[in-house]
Structures are given as C-alpha cells and as structure tokens.
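Heads up, the thing below is written out as structure tokens.
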Amino acid sequence: MEKLNNPIYVTQPAMPPLDEFVDLMKQIWDNRILSNNGPFHKRFEQELADYLGVNYISLFANGTLALMTALQALRITGEVITTPYSFVATTHSLWWNNIKPVFADIEPKYLNLDPEKVEAAITPQTTAIMPVHVYGNPADVERLQQIADTYGLKLIYDAAHAFGVKIKDNSILNYGDLSVLSFHATKVFNTIEGGAIVCHDEKTKQRIDYLKNFGFAGETTVIAPGINAKMNEVQAAYGLLQLKYIDGNIAKRKSIAELYRQQLMNVPGIRCINDMQGVNHTYPYFPIFVDTKAYGKSRDELYEELKKHNIFGRRYFYPLISQFPSYRGLNSSKPENLPIATGITEEVICLPIYPELSMDLILSIIDNIKI
Ligand SMILES: *Cc1c(COP(=O)(O)O)cnc(C)c1O
C-alpha cells in the first residue's frame with residue numbers, strides 16, 4: 001500500500017463555522033461577562049439538558065474536574081469499585097479524593113464492568129461503584145443499580161463516551177446517581193475542553209454548582225471546600241454552536257462505523273464490536289481486536305505497520321489503568337484478578353473515526369488492515 005500523504009489521526013475535532021463563532025465572540029465582547037454563570041453558560045446548560053433529555057446538568061471546565069466534584073458531591077469515601085479498562089482520569093478522580101480504587105474485571109462482549117465481579121469485590125469499606133460506558137455501549141445499568149440498592153452503594157457513571165446515547169429513547173445519563181460527561185476536543189461533542197455532571201434533583205444540582213465555584217453559596221457564605229471547575233463563556237458559546245451541528249456529525253460517524261464493520265467483517269483475525277440492541281449509538285471510537293494467530297500479526301505489529309503508512313491508530317485502552325505505577329501495587333490490580341481486561345488490552349486498536357474523514361481515506365485504512 002501507498003503511504004498516505006498526510007498523517008491520519010484517530011480523531012479530529014468537529015469545528016463549527018468560524019464566522020458563526022466570531023459572531024458569538026462579538027456578543028461576549030459586548031457583554032463583558034467571561035465566566036461565573038454568564039448568559040451563554042445559562043443558555044447552553046438549558047439547551048444541552050433539552051438535547052440530552054435530562055432534567056439537571058451542571059457544566060464544568062473539563063471532565064476530570066467533573067468526576068472529582070461528583071465524588072465530593074456525594075461525599076464518597078473509603079473504597080470505590082471501578083474498571084481498569086478506561087482512560088486514567090476515571091481512577092485518578094478517586095485518587096485525588098483520597099479514595100482507594102478497587103478494580104473489578106470487565107465482561108468480554110462490550111468490555112464494561114462485569115456486575116458479578118463488582119458484587120464479589122464489595123467490602124465493608126465500599127461506598128460506591130464507578131463504571132464507564134466503554135465506547136458508548138451502556139454498562140449493565142439495571143443489574144448495577146440492583147447491586148447498589150442491595151448494598152447501599154452510590155452509582156456514579158463515567159459517561160465520557162456516552163454523549164447522546166439512549167436506551168429505547170431514554171438517555172443513558174438518567175441512570176445511576178450521577179453521570180459525568182467530557183467535552184474534550186477528542187470526544188463526539190466538544191467545547192474545546194469541558195465536561196458536565198448530570199443529576200436527578202434540584203438539591204443535588206445546587207450542591208454541585210456550589211462545589212464547582214469554591215463552595216460559595218452566597219456573597220459571603222462558603223458551605224464546603226469547593227474547587228474552581230467552572231465552564232467559561234467562550235466554551236459555552238462554542239458548545240451552543242456545536243449543538244446545532246451535532247446530529248449531522250453523529251450521522252457521519254455512523255456511516256463510517258458501518259463501512260468499517262462491513263469491510264472488516266470477513267478479515268480473518270479481526271473482530272469488531274456489534275451494536276447493542278435497542279441503543280442509539282454515537283460512535284465515539286471504532287475499536288477492533290486483533291487475534292495474532294488468525295491475523296498473522298500482533299496488535300502492536302499492526303499498529304506499527306499502520307504508522308508507517310501515516311495512519312495513527314490508538315491503543316485505547318492500553319496499558320490497563322491498574323498497570324500504572326500509582327495503582328499496580330493494589331491487590332485488585334493483579335492480572336489474575338482481571339483476566340478479561342488483561343487479554344483485551346493486548347488486542348485492541350482504535351481506528352480513525354471523525355466526521356471529516358473521507359470514504360477514500362477509510363478505504364485506504366481498510367486496505368492497510370486487509371494485507
Ligand atoms: C476523556 C475521558 C475522561 C477525561 O475527560 P477530560 O474532559 O479530558 O478531563 C474521563 N474518562 C473517560 C473514559 C474519558 O474518555
């Protein structure tokens with residue numbers, strides 16, 4: 001295969017039309033309000049809640065601060081059961097709150113936390129479960145809620161991959177106690193950097209909004225040691241603009257995913273994840289799994305080969321979070337405790353998927369995998 005002229009990365013942010021963005025910036029210049037729940041922040045919060053189909057949402061400067069604040073909002077302490085198969089920020093948010101992460105294994109089909117492994121990992125110190133909707137495929141929300149109810153645990157979802165995902169017309173964000181979104185430039189929906197917490201009652205939203213603004217509940221009242229995690233007006237205006245184009249962008253992602261799946265279905269040693277029944281997907285990533293024996297090359301060999309042709313896949317998620325120095329000493333990090341995740345992390349590579357990716361480029365990526 002020919003080397004592509006320009007490097008193709010796994011993602012490229014969708015950008016709104018510049019002239020429309022400039023118009024909104026002019027309004028910010030006129031308003032002279034740059035942060036602290038300004039007019040764009042208010043409008044974006046409302047329009048985003050409507051778009052997502054949720055009742056209460058709080059905007060954040062980024063997803064990691066939103067995760068950290070979510071744990072503070074529910075006063076989580078002790079141990080939290082989570083997945084090793086995610087982006088490091090999921091576990092880091094626990095560490096920053098002085099909470100001990102306890103890793104449980106994933107199930108092999110959709111690579112989400114295995115509820116039975118979660119239940120087996122519960123101790124008297126456990127206070128919450130933090131699952132991730134990996135690649136936007138919903139975790140087993142019904143079973144996880146049952147376990148949380150039985151043992152009196154909180155359920156906080158890292159929903160960074162689950163923007164706009166619905167189960168039978170109900171937002172996935174309506175499950176659990178809290179759900180946390182990321183609007184980083186690499187995600188399906190971005191506000192350059194950004195994030196949000198979805199909750200289900202006004203009191204909780206109020207507490208979250210206090211916590212993200214130093215704990216201020218009034219001019220001279222500070223109710224808790226909060227942090228500064230506020231989304232600013234430029235991010236909010238950019239987000240409002242992005243909302244206008246999000247459905248078209250998701251449709252393009254869908255057609256890319258369909259083409260990949262159709263073309264790679266019969267390649268020996270390459271496996272894709274099938275869409276989950278009854279779920280509206282938004283295709284945040286396109287992972288494939290390499291069976292070295294059947295494919296004739298390992299995942300890393302394919303990764304290097306693609307790189308030579310200017311195609312930059314990403315090994316999401318590799319290594320497992322449990323293998324990083326800060327966490328690998330934990331009992332629950334032992335590979336014997338995490339056999340499925342330990343196998344999958346050696347097989348996965350995510351292929352480029354973003355709205356601007358042309359069909360021609362996708363076909364050359366596929367050709368490079370087929371050889
Ligand atoms: C992107 C991501 C985050 C972090 O979000 P930021 O907005 O970059 O801080 C957390 N968890 C998962 C699963 C992610 O993919």
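Numbering of ligands and ligand atoms starts at 1, following listing order.
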**Request:** Specify the protein heavy atom at minimum distance from atom 4 (C) of ligand 1: its residue, its atom name, and the distance to 0.1 Å.
**Result:**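 Going atom by atom, the protein heavy atom closest to atom 4 (C) of ligand 1 ends up being T64 OG1, 3.7 Å.
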**Asked** Are more than 12 heavy atoms from other residues, nucleotides or ligands located less than 6.0 Å from atom CD of E20?
**Response**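 Yes, the 6.0 Å shell around CD holds more than 12 heavy atoms from other groups.
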Could you list the atoms of ligand 1 found under 4.0 angstrom from a heavy atom of [X]?
X	result
T90	11 (N)
H184	7 (O), 8 (O)
K187	1 (C), 2 (C), 3 (C), 14 (C), 15 (O)
A89	4 (C), 10 (C)
A160	2 (C), 11 (N), 12 (C), 13 (C), 14 (C), 15 (O)
G194	7 (O)
S86	13 (C)

**Message:** Are any of the N/O atoms on G63, whether in the backbone or the side chain, positioned under 3.5 angstrom from an N/O atom of ligand 1?
**Reply:**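 Yes; at least one N/O pair falls below 3.5 Å.
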**Nitrogen or oxygen atoms of S182 and ligand 1 under 3.5 Å apart** =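 Yes, S182 has an N/O under 3.5 Å of an N/O on ligand 1.
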**Asked** Taking the six-membered ring for Trp, are H133 and Y157 parallel (under 30°), tilted (30 to 60°) or perpendicular (over 60°)?
**Response**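 Judged by the thresholds at 30° and 60°, the geometry between H133 and Y157 is parallel.
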**Polar contact flag, side-chain donor to acceptor under 3.5 angstrom, T204-D201** =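 The answer is yes; a qualifying pair exists.
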**Prompt:** Between the side chain of T126 and the main-chain N/O of T123, is any donor-acceptor distance below 3.5 Å?
**Reply:**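 Here the side-chain-to-backbone pair exists.
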**Request:** Measure from the side-chain N and O atoms of N228 to the backbone N and O of N213, and report whether any donor-acceptor pair falls under 3.5 Å.
**Result:**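 Checking the backbone N and O of N213 against the side chain of N228, no donor-acceptor pair under 3.5 Å is found.
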